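What follows is a single structure, written as structure tokens, with notes after it.
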Amino acid sequence: VKYSKDGKPVYMIGVARDITERKQAQASLKASEEKFRSLYDNINIGVALHEIVLDKKGKPTDFIFLDVNPTYEKITTLKKKDVVGKRGLDVIPNLEQKWIELYGKVALTGEAVSIVDHSDFLDKYWDVKAYSPAKNQFAVALTEITDRVKAENELIKAKDLAEENEAKYKDLFVKMMNAFALHEMIFNEKGEPIDYKFLEVNPAWEKIVGIKAGTVINKTIREIMPTIEDNWREVYGRVVKTGIPEEFEDYNKATNKYYHIYTYRSAPGKFAVLFNDITRQRVLNEELVASKQILENIFNTVPVRLFWKDKNLNYLGCNKAFALDSGLSDPVDLVGKDDYQLGWRDQADLYRADDFQVIKSGVPKVNIEEPQTTPDGKTLTLLTSKFPLRDTNGKINGVLGTYLDITDIKIAENELNEAKNLAEESNANITAIIEGTNNSIWAFDRNYQILYINHTFQQEFLQTFGVRLKPGMNLVET
């Protein structure tokens with residue numbers, strides 16, 4: 001401004017500059033800062049600005065909080081008002097040294113880092129990105145990833161376990177003694193099972209069936225065994241449809257073998273089969289059944305009664321004849337009973353005493369005579385033998401008994417003894433009469449061998465001839 005001598009403004013000289021761009025830039029910067037602040041305040045990543053603290057040797061020993069955003073407060077539980085201006089170790093006393101070293105390197109070198117690691121503080125995993133916005137400063141962007149890391153670890157464990165199980169499965173598949181086959185069922189348009197395809201078989205299957213895997217894989221059972229019975233397809237089709245496993249035994253005409261089979265649905269439309277060749281076992285069982293039938297026929301046909309008891313003298317079994325003697329129609333009905341429950345309960349104490357003696361001593365009792373009361377009240381005489389019953393280790397675990405009904409024999413013996421006694425008594429009476437008579441009585445054979453002479457004859461001959469005769473002497477020679 002130019003003034004006159006009297007101090008009045010005469011004219012003015014001015015310079016004008018266009019600062020529109022600067023103002024626009026300032027406005028843009030302010031808007032950008034506001035956007036950044038908004039982003040900083042609302043982003044779901046925890047962000048914090050720090051200044052590194054160095055010792056006299058320039059080694060990072062701590063840091064100072066300069067700023068944190070709301071998300072940082074939320075995920076770390078550290079409030080801005082409680083941390084800004086404070087040292088890290090004062091805020092987090094248990095902070096691991098590795099973090100100070102890492103952040104110090106970023107602040108001093110300007111090299112950004114990105115790591116995933118665990119922090120003892122809050123016991124969480126973090127995805128950490130750190131960079132240096134200014135000398136001796138570092139900023140961190142934190143994302144809490146504990147759940148993700150745990151899920152990844154679980155996934156790794158599951159994968160390792162799956163690989164381990166797969167290895168075990170493969171090893172088992174190859175080495176197992178059971179035949180194993182995996183199949184896919186084939187249905188017609190009505191949903192009826194008509195065939196099934198081989199997907200996989202193990203070495204045991206090849207050995208048991210006698211067919212190599214290479215000739216059956218991806219082929220159907222009707223291609224491999226055209227004459228196979230329909231019941232196989234029906235059973236497997238039912239398992240695939242219902243999902244209910246089945247276990248059974250059956251004969252395969254194509255291989256001329258019996259098999260014990262367990263089958264289950266392994267996946268929709270598929271089924272697995274585990275089986276063993278039981279042909280030899282079936283043959284042996286049939287032979288055993290036939291042999292057992294023969295023994296049972298003998299066992300129940302012989303007139304001898306047989307029975308066996310446990311250590312408590314409860315019946316374990318008997319033959320048919322013994323069951324009938326006890327008043328029962330079937331040996332099975334005797335099992336579990338004792339002598340007190342049978343018709344011979346009056347002799348139970350006698351029988352049991354013998355049984356316990358045999359069990360305790362281990363010494364058999366053979367051919368002992370015992371009475372027995374029948375269900376109809378008659379008393380029989382038995383010739384009984386009892387032996388200790390032993391298990392496979394030779395330990396006594398019961399008693400085995402057998403007896404014969406000798407009632408008729410005993411009756412006959414008694415009658416014979418009575419007849420003998422009567423005869424002897426009669427002979428004695430006759431002898432007394434003969435010896436007491438005054439008549440001479442004698443008996444000779446055709447050779448005049450003296451068979452008998454009475455006393456009268458002996459005396460008369462002695463008086464007449466002077467010779468004393470005796471039975472056995474020859475009358476002529478005398």
Side-chain angles (χ1 to χ4, degrees), residues 298 301-307 319 321-322 324-327 339 342-358 361 363-388 399-478:
I298 296 173
T301 301
V302 294
V304 177
R305 277 66 168 172
L306 296 169
F307 63 89
N319 66 349
F322 185 91
L324 294 175
D325 282 357
S326 70
D339 292 302
L342 303 174
W344 49 75
R345 61 181 61 85
D346 293 340
Q347 292 88 32
D349 289 336
L350 173 65
Y351 297 163
R352 291 167 67 87
D354 287 340
D355 295 340
F356 277 126
Q357 183 178 351
V358 170
S361 67
V363 179
K365 298 192 73 173
V366 180
N367 294 335
I368 55 175
E369 291 188 9
E370 296 178 322
Q372 182 189 83
T373 301
T374 65
D376 57 4
K378 295 180 181 180
T379 300
L380 305 179
T381 301
L382 309 179
L383 186 63
T384 305
S385 296
K386 296 181 178 181
F387 307 88
V399 62
L400 171 67
T402 177
Y403 69 78
L404 282 170
D405 179 0
I406 60 171
T407 305
D408 292 341
I409 296 176
K410 295 299 291 184
I411 291 173
E413 285 181 354
N414 291 335
E415 292 176 349
L416 181 62
N417 287 333
E418 290 177 1
K420 180 180 178 182
N421 292 334
L422 182 61
E424 289 176 351
E425 182 180 350
S426 297
N427 288 338
N429 292 334
I430 293 172
T431 300
I433 293 172
I434 293 174
E435 291 295 331
T437 185
N438 293 324
N439 297 318
S440 295
I441 299 175
W442 70 91
F444 307 101
D445 63 13
R446 67 177 60 186
N447 296 318
Y448 296 102
Q449 191 80 18
I450 299 174
L451 300 177
Y452 175 80
I453 57 174
N454 69 348
H455 180 72
T456 301
F457 182 87
Q458 187 183 51
Q459 292 300 318
E460 289 180 352
F461 196 90
L462 176 62
Q463 293 174 2
T464 303
F465 298 104
V467 178
R468 183 178 292 277
L469 296 177
K470 295 181 180 180
M473 295 176 65
N474 188 282
L475 183 62
V476 176
E477 293 176 354
T478 303

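Worth saying up front: this structure is predicted, and the values here are computed from it rather than measured.
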Is [Y] close to [X] at the side-chain level, that is, under 4.5 Å between some pair of heavy atoms?
{"X": "Q347", "Y": "E370", "answer": "no"}
{"X": "L350", "Y": "P371", "answer": "yes"}
{"X": "Q459", "Y": "R468", "answer": "yes"}
{"X": "V467", "Y": "F461", "answer": "yes"}
{"X": "Y351", "Y": "T384", "answer": "no"}

Discussion item. Can you tell me how the ring of W344 sits relative to the ring of F322, calling it parallel under 30°, perpendicular over 60° and tilted otherwise?
Written reply: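 Correct class here is perpendicular.
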
Look up atom [atom1] in [X] and atom [atom2] in [Y], then write down how far apart they are to the nearest 0.5 Å.
{"X": "L380", "Y": "T407", "atom1": "CG", "atom2": "OG1", "answer": "4.0 Å"}
{"X": "N319", "Y": "I298", "atom1": "CG", "atom2": "CD1", "answer": "12.5 Å"}
{"X": "I406", "Y": "I411", "atom1": "CD1", "atom2": "CD1", "answer": "11.0 Å"}
{"X": "L404", "Y": "N367", "atom1": "CG", "atom2": "CG", "answer": "9.0 Å"}

Worksheet item: Of I368, L400, T402, V304, which meets side chain to side chain contact (heavy atoms under 4.5 Å, CB included) against S385?
Response: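 Exactly one pass, corresponding to T402.
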
Item to complete: State whether the side chain of D445 and the backbone N or O of L451 hold a donor-acceptor pair below 3.5 Å, judged by distance alone.
Response: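 Checking the backbone N and O of L451 against the side chain of D445, no donor-acceptor pair under 3.5 Å is found.
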
Worksheet item: Do N439 side-chain atoms and T456 backbone N/O form a donor-acceptor pair below 3.5 Å?
Response: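 The answer is no, because no donor-acceptor pair under 3.5 Å joins these two groups.
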
[X] and [Y]: which non-hydrogen atoms are nearest, and at how many Å?
{"X": "K470", "Y": "I450", "result": "O-CD1, 3.6 Å"}
{"X": "L469", "Y": "Q458", "result": "O-NE2, 2.8 Å"}
{"X": "T373", "Y": "T379", "result": "OG1-OG1, 4.3 Å"}
{"X": "P364", "Y": "F387", "result": "CB-CD2, 3.5 Å"}

Worksheet entry | Residues D355, K386; criterion side chain to side chain contact (heavy atoms under 4.5 Å, CB included); working and verdict | CA-CA 7 Å; D355 295 340; K386 296 181 178 181; 2.7 Å; yes

Discussion item. Pairing donors with acceptors under 3.5 angstrom, does anything connect the side chains of E369 and T381?
Written reply: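 No donor-acceptor contact under 3.5 Å links the two side chains.
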
Practice prompt. Could you tell me whether F444 atom CZ has more than 12 heavy atoms of other residues or ligands within 6.0 Å of it?
Written response: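 Yes.
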
